2 protein chains.
Amino acid sequence: MGSWREKGRFPDRVVSRFSLYLRYLKQVGQEGVYLVTSSQIAQALHLTAPQVRRDLSYLGQFGLAGVGYNVKKLASTLEKVLGLNKEWPVVLVGAGNLGAALFSYSGFRRRGFKIVAIFDKDPKKAGTRWANVAILDIDRLPETIKQKDVKIGVIAVPQYAAQEVADRLVGSGVKAILNFSPCKIEVPDDVKLQDVDVTTELETLSWFLSQ
Amino acid sequence: MGSWREKGRFPDRVVSRFSLYLRYLKQVGQEGVYLVTSSQIAQALHLTAPQVRRDLSYLGQFGLAGVGYNVKKLASTLEKVLGLNKEWPVVLVGAGNLGAALFSYSGFRRRGFKIVAIFDKDPKKAGTRWANVAILDIDRLPETIKQKDVKIGVIAVPQYAAQEVADRLVGSGVKAILNFSPCKIEVPDDVKLQDVDVTTELETLSWFLSQ
DNA sequence: AACTGTGAATCTATTCACAGCT
DNA sequence: AGCTGTGAATAGATTCACAGTT
């Protein structure tokens, strides 16, 4: 069991709920709320109160028995645990519609993820800019990644190009990849891969409707 | 326990793997492969062979012992189970960058999801078209949904508008929602909600890198 | 009085291991 | 000989229930 406290290694499931908790806490914090209970959090996020308490207990003893959790304190702990107390430079590969959507999504920036360069292999796009971020030819990936010490790459290219892009990202030192293309890509064990698979989500809906 | 066979109610986890299996089978099928084993599937999708067999056994007896699974037959069964043997009309709400990305994503169409109308509340967009699909004012949601018997809605609007859009979709008869906005929305129990939460995925990466 | 933190219980998912089929 | 299908075993996640704290 439990070397998670020391090593900071919680299950992925718990980590993604941490992210939801943090979002909720920031929201209510902005509304001036000082304390929240596990049941309030649970209700807002469609979870159960014991689950919220169990999750938060991974962080140590935080709550005030009989009272609840201090919103600001809990939020700042979650930020630290999630590594959001710093800015993460991110490279975005693929300057199509999806790339544009991700680039323009302000939540990215607000949470400390800063797209420092965009890559595309279309020569017509390379050399232009979105806002003040340059779109570069994919061949310039390694230098940028090394120069800006980028650890996170986002893949927003068509399926057939995804594996090659992943290889280049990994080869240049990226350690975490968010993949939007609908295929399994191979990465070494020390690289964290997160897939966003829209087709699968839709097919789950289709299955549900077919019951 | 086990009325899943009769009722077609497998766990969500299994269903989303069904979707991955189907994608894999279509791919190798196109390459002319006739038979696959559970370990081949497992390897391609980063799963284990017993898990693949267990999942597929939910569908009944399919494999040929000593040989493997018939690619075409298994694929067509999965299609039926997932409800992909028909075309699903879908409405897309939000004609911003994300909406454009989703609209232009061909995988959508290829798998039987057809966007029949796009809605936006920007009067400058309403009245125009993308390809041959009309962008309409959000007020025309109910008539379109009823007329075309739409059961699936995709929410690609900013956070602040998401709940209202969901309410309108549900109110017009939509029974399944794919939500891209980074907030929890409330829907009745008989409506299936699937969230795509990019921020949470990114924050999981950030957590991983902070270990 | 109200809520946290957590052992114990339960429920769910995955893996093992092998009988049975081709 | 090789692979499926599945009971039994294990691992993992969630919930219960309550002692302990403010």
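These numbers come from a predicted model, not from an experiment. Note on naming: letters A, B, ... go to the chains in the order of the sequence lines (proteins, then strands), and numbering restarts at 1 for each one.
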Novice: Quick one, which residues of residues 28-48 of chain A touch DNA chain D with a heavy atom under 4.0 Å?
Specialist: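 Hits under 4.0 Å, by residue number: A:Thr48.
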Novice: Atom pairs under 3.5 Å, N or O on each side, protein against nucleotides 10-13 of chain D: can you list them with distances?
Specialist:
residue	atom	partner	partner atom	Å
D:dA13	O3'	A:Arg13	NH1	3.1

Novice: If you take all heavy atoms of B:Ile185 and B:Ala166, which pair is closest and at what distance?
Specialist: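 Shortest heavy-atom contact: CD1-CB, 3.7 Å.
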Novice: Sub-3.5 Å donor-acceptor pair from the side chain of B:Trp88 to the main-chain atoms of B:Gly83, do we have one?
Specialist: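 A pair under 3.5 Å: yes.
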Novice: Looking at five pairs on each end of the helix from C:dA1-D:dT22 to C:dT22-D:dA1, what is the angle between the two axes, given to 10 degrees?
Specialist: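 Axis-to-axis angle, ends of the helix: 0°.
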Novice: Return the orientation label for the B:Tyr58 and B:Phe10 ring planes: parallel under 30°, perpendicular over 60°, tilted otherwise.
Specialist: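 B:Tyr58 vs B:Phe10 ring planes: parallel.
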Novice: Tell me, please, which residues at least two apart from A:Gln147 pass side chain to side chain contact (heavy atoms under 4.5 Å, CB included).
Specialist: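 Side chain to side chain contact (heavy atoms under 4.5 Å, CB included) check on A:Gln147 returns nothing, list empty.
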Novice: Consider side chain to side chain contact (heavy atoms under 4.5 Å, CB included). Of A:Val174, A:Leu178, A:Asp12, A:Val187, which one does A:Lys192 pass it with?
Specialist: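 In the set A:Val174, A:Leu178, A:Asp12, A:Val187, the residue that makes a side chain to side chain contact (heavy atoms under 4.5 Å, CB included) with A:Lys192 is A:Asp12.
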Novice: Between A:Val133 and A:Ile115, which heavy-atom pair has the shortest distance, and what is it?
Specialist: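 A:Val133 and A:Ile115 have their closest heavy atoms at CG2-O, 3.7 Å.
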Novice: Rounded to whole angstroms, how far apart are CZ on B:Arg9 and P on C:dT12?
Specialist: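 To the nearest whole Å, that distance equals 14 Å.
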Novice: Could you list all the salt bridge (Lys or Arg N to Asp or Glu O under 4.0 Å) pairs where at least one residue sits in residues 98-116 of chain B, not counting sequence neighbours?
Specialist: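 Listed by first then second residue: A:Glu203-B:Arg111.
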Novice: How far apart are the closest heavy atoms of B:Val150 and B:Val116, and which atoms are they?
Specialist: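 Between these two residues, the closest heavy atoms are CG2-CG2, 3.9 Å.
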Novice: Write out a two-atom table: protein N or O, nucleotide N or O from nucleotides 17-21 of chain C, distance below 3.5 Å.
Specialist:
residue	atom	partner	partner atom	Å
C:dA17	N6	B:Arg53	NH2	3.3

Novice: Nearest to the side chain of A:Arg54, heavy atoms from C-beta on, is which of C:dG7, D:dG5, C:dT4?
Specialist: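 Selected nucleotide (nearest to the side chain): C:dG7.
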Novice: Are the charged groups of A:Arg53 and A:Asp55 less than 4.0 angstrom apart, N to O?
Specialist: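 The answer is no: the pair does not qualify as a salt bridge.
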Novice: Separation of A:Phe62 atom CZ from D:dT22 atom P, in whole Å?
Specialist: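 These atoms are roughly 16 Å apart.
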Novice: Which atom names give the shortest non-hydrogen contact between B:Trp207 and A:Val81, and what distance separates them?
Specialist: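 Closest heavy-atom pair between B:Trp207 and A:Val81: CD1-O, 3.4 Å.
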Novice: Counting only side-chain N and O atoms of A:Tyr69, is one of them less than 4.0 Å from OP1 or OP2 of C:dG5?
Specialist: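 Yes, A:Tyr69 has a side-chain N/O under 4.0 Å of OP1/OP2 on C:dG5.
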Novice: What's the separation between atom CG in A:Leu92 and atom CD1 in A:Ile152, rounded to the nearest 0.5 Å?
Specialist: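 These two atoms lie 12.5 Å from each other.
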Novice: Between A:Leu64 (CG) and C:dG5 (P), how many Å, whole number?
Specialist: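 In whole Å, C:dG5 P and A:Leu64 CG are 8 Å from each other.
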Novice: To check you understand the geometry: which heavy-atom pair defines the closest contact between A:Phe108 and A:Tyr105, and what is its length?
Specialist: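 Heavy atoms only, the tightest pair is CB-O, 3.2 Å.
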Novice: Are any side-chain N or O atoms of A:Asp120 and backbone N or O atoms of A:Ala95, one a donor and one an acceptor, separated by less than 3.5 Å?
Specialist: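 Side chain of A:Asp120 to backbone of A:Ala95, a donor-acceptor pair under 3.5 Å: yes, one is there.
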